2 protein chains.
Amino acid sequence: MLKTVTANPVTSEFNACRRCRAARLCRLARKPPAGTDASTKVVLRHRRLRRGDYLYRTGDPLHSLGVVCSGSVQTCLLHPDGTTQITGFHLAGEFTALGDMNAKQHTRDGVALETTCVCEILLSQLLELCHESPDVRRDVLQLVFDQLAHNEAQLLPLVGRKSATEQLAAFLLSLSERLAERGFSGEDFSLSMSRQDIGSYLGLAKETISRLFSRLENEGVISLDARRLRLTDPRRLAGLAAGATGL
Amino acid sequence: MLKTVTANPVTSEFNACRRCRAARLCRLARKPPAGTDASTKVVLRHRRLRRGDYLYRTGDPLHSLGVVCSGSVQTCLLHPDGTTQITGFHLAGEFTALGDMNAKQHTRDGVALETTCVCEILLSQLLELCHESPDVRRDVLQLVFDQLAHNEAQLLPLVGRKSATEQLAAFLLSLSERLAERGFSGEDFSLSMSRQDIGSYLGLAKETISRLFSRLENEGVISLDARRLRLTDPRRLAGLAAGATGL
DNA sequence: CGAAGTCTTGATCCCGTTCAAGGAGCGTGG
DNA sequence: CCACGCTCCTTGAACGGGATCAAGACTTCG
């Protein structure tokens with residue numbers, strides 16, 4: 001069921017590209033640096049995925065970094081005991097597989113949650129560009145440092161053993177902010193992942209997620225119709241994420 | 001009783017330096033690259049700290065990266081509500097403050113847990129070297145990618161909501177491995193941090209840590225005298241960390 | 001339509017927290 | 001030297017948040 005329809009060269013710019021974190025990198029990468037001839041391989045290629053398609057699988061050699069143009073991707077870790085764990089959601093404008101950069105291969109499965117378009121930056125090209133361009137160097141370092149800081153921030157609520165309510169509220173706000181950053185509505189959007197996935201990601205049972213959604217809706221903080229989510233009281237939600245004991 | 005006899009300027013090499021993750025970086029940094037005159041500022045300076053001394057404080061401008069030569073450092077996050085949370089332990093040969101590299105200032109307090117010696121790599125110098133030397137570039141990228149992978153690995157047991165036993169076992173093994181990597185004994189060492197600190201780091205109550213230590217000792221997995229720890233049955237400990245239900 | 005996956009809600013249970021009290025180690029000053 | 005105070009550690013008892021088990025409703029798709 002994994003039919004991947006790739007085709008487009010990098011001729012036309014996607015809407016999402018404008019606010020993509022890799023936009024600058026992308027532009028730099030597309031114009032072959034002075035001194036190389038025009039036969040330099042295309043640095044970016046696009047892949048189009050449908051719900052359930054794999055962007056990569058655990059154990060695949062790590063050839064490229066993926067940047068989500070549109071749609072969303074989740075990464076799943078396969079445990080030896082057969083269970084799987086969701087380790088991240090990647091929205092438009094975000095990178096995937098950064099955590100595998102020190103290895104030679106992918107340590108997770110990357111799966112599209114909906115119809116999704118991904119730009120792939122070939123590592124060989126990226127590293128070459130790193131040597132040639134100080135701008136690329138700076139961008140790459142900045143990117144990685146941002147990711148480090150992001151990961152550390154993500155770690156805190158988990159270690160701090162925040163309550164399930166706080167965690168879910170923080171998760172919804174994180175989605176909201178990231179969507180808003182890319183120009184989408186941050187207060188009315190669709191959850192591309194299941195309750196189960198959210199639970200796995202946050203370390204909570206799917207039943208708990210369900211119960212919390214119900215409570216948040218009863219309290220008027222959110223409004224939920226299947227997977228369509230509206231943040232009717234974002235400030236209150238932020239309060240809950242910060243540990244307000246109102247609920 | 002923590003009297004460490006260090007004194008050396010950068011002329012002679014510390015023991016710990018041989019296995020330090022930054023050793024190569026350090027060597028590269030010390031010899032001014034060709035083309036710069038000898039007046040180039042010394043890239044590394046040493047700081048000696050005693051138990052409780054601050055290596056840096058939250059809000060301090062980020063001038064340098066620290067590498068622990070000997071001893072240990074913990075990082076504490078100060079929450080708005082006045083509580084603090086331990087976010088990391090840094091042993092000999094390890095970096096501190098990598099997570100702050102994307103910011104202009106430190107986001108944590110760095111505190112020595114015992115008599116500790118730290119090399120500081122000035123960022124300005126490091127970035128300059130990055131531009132001049134491909135070797136430094138490669139080392140810096142590798143370093144950061146390793147840290148990213150390390151952080152992600154750390155995230156998993158927390159999200160997976162491992163039991164307290166699994167978490168503590170994994171924590172002890174992590175300490176053991178990191179010490180062994182630097183040439184210390186991995187099966188007989190001293191905990192430089194309190195039960196409280198361990199609990200804060202793992203998201204558990206200090207009482208729970210205490211109880212677990214007692215149980216592990218009764219089971220013959222470890223032997224504990226105050227803070228002197230011996231792993232009497234490392235394989236069993238590894239089993240517990242992996243989720244064996246033996247205890 | 002039926003079948004499978006997803007979501008909701010209820011009842012019970014367990015692990016780790018919290019509260020509380022006491023013990024052990026250590027430095028200080030009499 | 002011991003008494004004192006402090007911090008850290010240990011152990012017990014009760015509570016509670018979230019997991020688990022179970023059953024039923026809704027959605028999606030062949």
Side-chain angles (χ1 to χ4, degrees), chain A residues 1 50-52 74 83-86 111 113-115 157-169 171 190-219 222-229 240 243 245-247, chain B residues 1-3 50-52 74 83-86 111 113-114 157-169 171 190-219 222-229 240 243 245 247:
Chain A
M1 299 284 79
R50 293 194 310 178
R51 179 184 161 80
Q74 73 180 357
T83 61
T84 72
Q85 178 180 339
I86 309 300
V111 181
L113 284 166
E114 56 196 314
T115 300
L158 292 166
V159 175
R161 290 282 155 123
K162 299 267 194 192
S163 74
T165 308
E166 291 169 82
Q167 284 198 77
L168 183 60
F171 173 72
S190 175
L191 296 169
S192 56
M193 67 294 283
S194 70
R195 312 285 195 263
Q196 170 101 272
D197 292 336
I198 298 173
S200 170
Y201 179 64
L202 296 177
L204 298 167
K206 59 186 184 302
E207 294 93 333
T208 304
I209 305 296
S210 198
R211 275 184 248 271
L212 288 176
F213 272 144
S214 299
R215 274 172 59 192
L216 289 174
E217 187 160 27
N218 287 337
E219 294 282 330
I222 65 173
S223 153
L224 195 51
D225 177 24
R227 291 193 176 177
R228 185 101 204 151
L229 178 71
L240 289 173
T245 53
L247 205 52
Chain B
M1 300 298 83
L2 315 163
K3 204 161 287 177
R50 293 195 310 177
R51 179 184 160 80
Q74 73 180 356
T83 61
T84 73
Q85 178 180 340
I86 308 300
V111 182
L113 283 166
E114 55 195 316
L158 292 166
V159 174
R161 291 279 156 126
K162 298 266 193 192
S163 74
T165 307
E166 291 169 82
Q167 283 199 78
L168 183 59
F171 172 72
S190 176
L191 297 170
S192 57
M193 67 294 283
S194 69
R195 312 285 195 263
Q196 170 100 274
D197 292 336
I198 298 174
S200 170
Y201 178 63
L202 296 177
L204 298 166
K206 60 185 184 303
E207 294 93 334
T208 304
I209 304 296
S210 198
R211 277 185 247 270
L212 288 176
F213 273 145
S214 299
R215 274 172 57 191
L216 289 174
E217 187 160 27
N218 287 338
E219 296 281 331
I222 64 173
S223 153
L224 196 50
D225 177 24
R227 291 192 176 178
R228 185 101 205 152
L229 179 71
L240 289 173
T245 53
L247 205 52

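All of these numbers come straight from a predicted model, not from anything done at the bench. Labels below follow one simple rule: chain letters A, B, ... track the order of the sequence lines, proteins then strands, and each chain is numbered from 1.
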Undergrad: Quick one: how far along DNA chain D does chain B reach, first to last nucleotide 5' to 3', anything under 4.0 Å to a heavy atom?
TA: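 The protein-touched segment is dC8(D) to dA13(D).
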
Undergrad: Specify the separation, in whole Å, of atom CD1 of Ile209(A) and atom P of dT8(C).
TA: 11 Å

Undergrad: Once you round to the nearest 0.5 Å, how far does CG of Leu212(A) lie from CD of Gln167(A)?
TA: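 Those atoms lie 10.0 Å apart.
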
Undergrad: Going by atom types alone, do Ser214(B) and Glu217(B) pair a side-chain donor with an acceptor below 3.5 Å?
TA: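 Short answer, no.
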
Undergrad: Determine, step by step, whether Leu202(A) and Phe171(A) satisfy the side-chain contact (heavy atoms from CB on, under 4.5 Å) criterion, reporting the C-alpha distance in whole Å, the side-chain angles of both residues, the deciding distance to 0.1 Å, and the verdict.
TA: CA-CA 8 Å; Leu202(A) 296 177; Phe171(A) 173 72; 4.1 Å; yes

Undergrad: Hey, mind stepping through Leu216(B) and Leu240(B) against side-chain contact (heavy atoms from CB on, under 4.5 Å) and telling me if it holds?
TA: CA-CA 10 Å; Leu216(B) 289 174; Leu240(B) 289 173; 3.6 Å; yes

Undergrad: At what angle, to 10 degrees, do the two end axes of the helix from dC1(C)-dG30(D) to dG30(C)-dC1(D) meet, given five pairs define each axis?
TA: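 The end axes of the helix from dC1(C)-dG30(D) to dG30(C)-dC1(D) are about 30° apart, to the nearest 10°.
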
Undergrad: By ring-ring contact (aromatic ring centres under 6.0 Å, His included), which residues pair with Phe213(B), not counting sequence neighbours?
TA: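 Listed in chain order: nothing, the list is empty.
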
Undergrad: Using a cut-off of 4.0 Å on non-hydrogen atoms, how would the nucleic acid contact of Ser194(B) be classed: base, sugar-phosphate, or nothing?
TA: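 The residue Ser194(B) makes sugar-phosphate contact but no base contact.
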
Undergrad: Only distances under 3.5 Å count here; give the side-chain donor-acceptor pairs of residues 191-200 of chain B to other protein atoms, sequence neighbours excluded, each with its distance to 0.1 Å.
TA:
residue   : atom : partner   : partner atom : Å
Ser192(B) : OG   : Ser72(B)  : OG           : 2.9
Ser194(B) : OG   : Gln196(B) : N            : 3.4
Ser194(B) : OG   : Asp197(B) : N            : 3.1
Ser194(B) : OG   : Asp197(B) : OD2          : 3.3
Arg195(B) : NH2  : Ala226(B) : O            : 3.3
Asp197(B) : OD2  : Ser194(B) : N            : 3.4
Ser200(B) : OG   : Ile86(B)  : N            : 2.8

Undergrad: Can you tell me how far apart CG (Leu168(A)) and CG (Leu204(A)) are? Round to the nearest 0.5 Å.
TA: 8.0 Å

Undergrad: Taking protein heavy atoms under 4.0 Å as touching, what does nucleotides 12-25 of chain C look like 5' to 3' if B marks base contact, S marks sugar-phosphate-only contact and - marks none?
TA: ----SBBB------

Undergrad: Can you list everything that forms a side-chain contact (heavy atoms from CB on, under 4.5 Å) with Ser190(B)? Sequence neighbours excluded, please.
TA: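 If we apply the side-chain contact (heavy atoms from CB on, under 4.5 Å) test to Ser190(B), skipping adjacent residues, the hits are Arg227(B), Arg228(B).
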
Undergrad: Side chains of Leu113(A) and Arg51(A), heavy atoms from C-beta outward: is any pair under 4.5 Å?
TA: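 Side chain of Leu113(A) against side chain of Arg51(A), heavy atoms only: no contact under 4.5 Å found.
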
Undergrad: Can you tell me how far apart CD1 (Ile222(B)) and CG (Leu229(B)) are? Round to the nearest 0.5 Å.
TA: 5.5 Å

